Engineer: 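Just dropping this structure here.
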Protein chains: 2
Amino acid sequence: MELIARFLMTTLKDIGIELGLSPATVSRALNGFPEVSAKTRDRVQEAAARLGYRANRSAQRLVSGRSGIVGMIVKTGSDLRADQTFMEVLVGMSAALAARDADLVLAVDQGRDPVAAYRRMLERDMLDGFIVNAPVMDDPRINFLRDEGIPFVVHGRDRPSPDYPFYTIDNFAVAAESVQLLAALGHKRIAYLNGPELYSHAVRRRAGYLDTMAKLGLPVAEGALTHNEPSEAAGYRQAVTLLAGQRGERPTAFICSSMLLADGVMRAIKDQKLSVPGDVSVMAHDDDLPFLRAMSFTPALTVTRAPLRDACSPLANDLMDLIGGADPFHLQTLTNAELIVRDSTGPAPQNGETPWPWTPPNR
Amino acid sequence: MELIARFLMTTLKDIGIELGLSPATVSRALNGFPEVSAKTRDRVQEAAARLGYRANRSAQRLVSGRSGIVGMIVKTGSDLRADQTFMEVLVGMSAALAARDADLVLAVDQGRDPVAAYRRMLERDMLDGFIVNAPVMDDPRINFLRDEGIPFVVHGRDRPSPDYPFYTIDNFAVAAESVQLLAALGHKRIAYLNGPELYSHAVRRRAGYLDTMAKLGLPVAEGALTHNEPSEAAGYRQAVTLLAGQRGERPTAFICSSMLLADGVMRAIKDQKLSVPGDVSVMAHDDDLPFLRAMSFTPALTVTRAPLRDACSPLANDLMDLIGGADPFHLQTLTNAELIVRDSTGPAPQNGETPWPWTPPNR
DNA sequence: AAAACTTTTCAAAACGTTTTAAATTTATTT
DNA sequence: AAATAAATTTAAAACGTTTTGAAAAGTTTT
């Protein structure tokens, strides 16, 4: 009411009256239809700008039969870092969707049933589609949305060759390239601090790590590959354990699935009076979150880097295109993280020549 | 398109046909207007339930002239904890607004000008109102929205007697009560680790601390009151400095403006081989965020507690009422935090009898 | 039993846009 | 210059709801 009164909304009819045209023509002119003459289009656009015309979304949505609203579910009670990455994606998606005249609304998933929140959201409002993030393997949310025929895009990928739109980095390669870099530097005992086992990205990184180690003929000691909450504390704890050599020779290199883990690993290494990269090399995967910069580590951290926010525009566009009827198979993106070598990686130390004795990889 | 087809939206007309009534009557029956007979209302409600009727939001919004959408601005590049509290409020507000048939959309404020984001959002879409959180003193966003006559509610308060709707805890009392509790336990050297100076809640807590200390005749040593980013690291750093006694006798008690600060303080105390509460008492203000529970500190933390999410429903309702034309002065809530005494506070130690020598409070 | 109310229902308009089908204008061909 | 084709514009309907003003049905009063 306030707003309406204040901005005195100009309508298509107003422009039509101003120019002696019908609302239909004005609509077509503004929406770039081909059957309107060039001079008419110019006049309309000038008048629209002059009168400060903004299309009424509610009217557009009423006639289009779409709500213009897409949903995203927050997994509540989740850990610190997950919230952080969620926040990053959320904000990025909001902005990207706004550019497509869509709004993003949230729902909270607080229960056991991972699709309950989706169901509730569909009941409560008419949503045009969903964004699914941080998928687990064979994700029940994805299965639900697929079965129901509801448009959705996934940030990530829960199976090898999906039939739905997705955007993800090649997580196998993320791990593989890290291992290859360190191996090229002569490292033989490379530990991998992975993310929580349930996430599909962690599963793929594990595969990338194990495969590449195997391909290089490097044994993986028991306990050298672990799954961890993405927290500084977890990184610290894990690194302390590994550095103590309780599980054979200590690693000469650490690969961390997140910056927070790397932060903890660095602290543990410093506490042991070891040097980076002299005694131990460290690298991490960097989502490029604003509050934990790889550059501000000392030494600056070698990373595989893939800004989370890079995914937002493609995902938003894909979702809107999908809702518009595009072929899901044309809305699939697999990108590669960028390998950025900085100062936290160096040649393996003298005592690092011997690989671990062979033990079967866990799992 | 998909969704529409799938759920085969039933309309008011459908119900009307089913029952031999006009859409007008059906609308009234469903919206609880008085001039519809009891039996008709029952029949309509039964049919609506049976046919799974859900009002089309776009149509409602078109006729009401409101968008049903309210905005909230994310301050990006902000620190870890701020994002966490923002997330909590965001999710809570989303849910609470959904209950009032409104949606919450986000915009990112990444620039210098704190009102640019608001202006941009108003241009881009017709919003019914705004939620402003974490106000600074004499907040420019609030002044902007006030001047423009745009409905908004504030989580917090940027001046003593606002003429806008707000929901806040009494932050003066939060600090005052903490001081009083510790003073009652015999503490005389009480340090206060406050939040960033720019936030109005920090300003009020500072006043509460300083006033109460003065009232009790307790001098405040220089450096005993500090403003900090809400992070574990900041708490640790500050506590180490204070415990080293570089600024006179070390404090026998710490009050922390956030749980993260308290976390760092506890670590610093343990690193110094001091005990809580034997040597030092610690308390904090607890927003009741899901990932940092006061109960899981060892010892369990004494706090002033005020769950952030308690603010969400009132704020959502106030905003929708305001948009509906309610009097802003009836939409103001000032609540009190709950004082929960646990195991991190105890009697002042022997060496704690003497207050600090008087120094003028900083600022 | 007619008149005067009261209660309940309805038809129609409105909100602002898009879209269909028809009508007009303009350009091209004969 | 007429006939035809093409380009441009328009009137009207549609989307689903709320609301206004009028009409119908039901009650009470005379």
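None of the values given here were measured: they were computed from a predicted structure. First the proteins, then the strands, lettered A, B, ... as listed; each starts at 1.
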Engineer: Have a look at B:T11 and say if it touches a base, only the backbone sugar-phosphate, or nothing, with a 4.0 Å heavy-atom cut-off.
Structural biologist: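 Result for B:T11 = sugar-phosphate.
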Engineer: Under the ring-ring contact (aromatic ring centres under 6.0 Å, His included) definition, can you give me all pairs with a residue in residues 142-164 of chain A, not counting sequence neighbours?
Structural biologist: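 Checked against ring-ring contact (aromatic ring centres under 6.0 Å, His included) - neighbours excluded - the pairs reaching residues 142-164 of chain A are A:F152-A:Y164.
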Engineer: With a 4.0 angstrom cut-off to heavy atoms of chain B, pull out the first and last contacting nucleotide of DNA chain C, in 5'-to-3' order.
Structural biologist: C:dT8 to C:dG16
Engineer: What string of B, S and - do you get for nucleotides 20-28 of chain D, 5' to 3', if B is base contact, S is sugar-phosphate-only contact and - is no contact with any protein heavy atom under 4.0 Å?
Structural biologist: BB-------
Engineer: B:D288: which residues meet the side chain to side chain donor-acceptor pair (under 3.5 Å) condition with it, sequence neighbours left out?
Structural biologist: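 Here the qualifying residues are B:R293, B:R305, B:R309.
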Engineer: Give the residues of residues 36-50 of chain B touching DNA chain D, defined as any heavy atom closer than 4.0 Å, sorted by residue number.
Structural biologist: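 By residue number: none to list.
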Engineer: Between OG1 of B:T85 and CG of B:L308, what distance do you get to the nearest 0.5 Å?
Structural biologist: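 It is 6.0 Å, given to the nearest 0.5 Å.
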Engineer: Would you mind reading off the distance between A:L12 atom CG and D:dA13 atom P, rounded to a whole angstrom?
Structural biologist: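 Computing the A:L12:CG to D:dA13:P distance gives 19 Å.
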Engineer: Got a sec, which residues hit side chain to side chain contact (heavy atoms under 4.5 Å, CB included) with B:P328, two or more places apart in sequence or on another chain?
Structural biologist: B:P165, B:L322
Engineer: So which one's nearest nucleotide on DNA chain C is more toward 5', B:A59 or B:P34?
Structural biologist: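 Looking at DNA chain C, the more 5' nearest nucleotide goes with B:P34.
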Engineer: Can a donor-acceptor pair be found, under 3.5 Å and without considering hydrogens, that links the side chain of B:D139 to the backbone of B:R141?
Structural biologist: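 Yes; at least one donor-acceptor contact below 3.5 Å.
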Engineer: For A:A117, which residues count as a side chain to side chain contact (heavy atoms under 4.5 Å, CB included) partner, sequence neighbours excluded?
Structural biologist: A:I73, A:D109, A:R120
Engineer: Test of understanding: with side chain to side chain donor-acceptor pair (under 3.5 Å), list the residues that count as partners of B:S58, not counting sequence neighbours.
Structural biologist: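 Once residues adjacent in sequence are excluded, B:S58 has no partner under the side chain to side chain donor-acceptor pair (under 3.5 Å) criterion.
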Engineer: May I ask you to say whether B:R66 pairs ionically with B:D101, meaning some side-chain N is under 4.0 Å from a carboxylate O?
Structural biologist: no
Engineer: If you define the side chain from C-beta out and look only at heavy atoms, does anything of B:D128 sit under 4.5 Å from B:I69?
Structural biologist: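 With C-beta onward as the side chain, the pair stays apart.
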Engineer: Please check the phosphate of D:dT10 (OP1 and OP2 only) for any side-chain N or O of A:T25 closer than 4.0 Å.
Structural biologist: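 So the side chain of A:T25 is within the cut-off, an N or O lying under 4.0 Å from OP1 or OP2 of D:dT10.
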Engineer: Hey, is A:R119 close enough to A:E148 for a salt bridge, meaning N to O under 4.0 Å?
Structural biologist: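 Not counted as a salt bridge, because no side-chain N and carboxylate O are separated by less than 4.0 Å.
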Engineer: Which pairs, with at least one residue in residues 313-331 of chain B and sequence neighbours excluded, count as a salt bridge (Lys or Arg N to Asp or Glu O under 4.0 Å)?
Structural biologist: B:R100-B:D321
Engineer: Suppose we screen for side chain to side chain contact (heavy atoms under 4.5 Å, CB included). Which residues come up paired with B:T11, at least two apart in sequence or across chains?
Structural biologist: B:M9, B:K13, B:D14
Engineer: For A:T40, give me all partners under side chain to side chain donor-acceptor pair (under 3.5 Å), at least two apart in sequence or on another chain.
Structural biologist: A:S37
Engineer: At under 4.0 Å between heavy atoms, what does A:G20 touch on the DNA or RNA strands: base, sugar-phosphate, or nothing?
Structural biologist: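 A:G20: backbone/sugar contact only, no base atoms under 4.0 Å.
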Engineer: Please report how far the helix from C:dA1-D:dT30 to C:dT30-D:dA1 bends, comparing the axis fitted to its first five pairs with the axis fitted to its last five, to the nearest 10 degrees.
Structural biologist: 50°
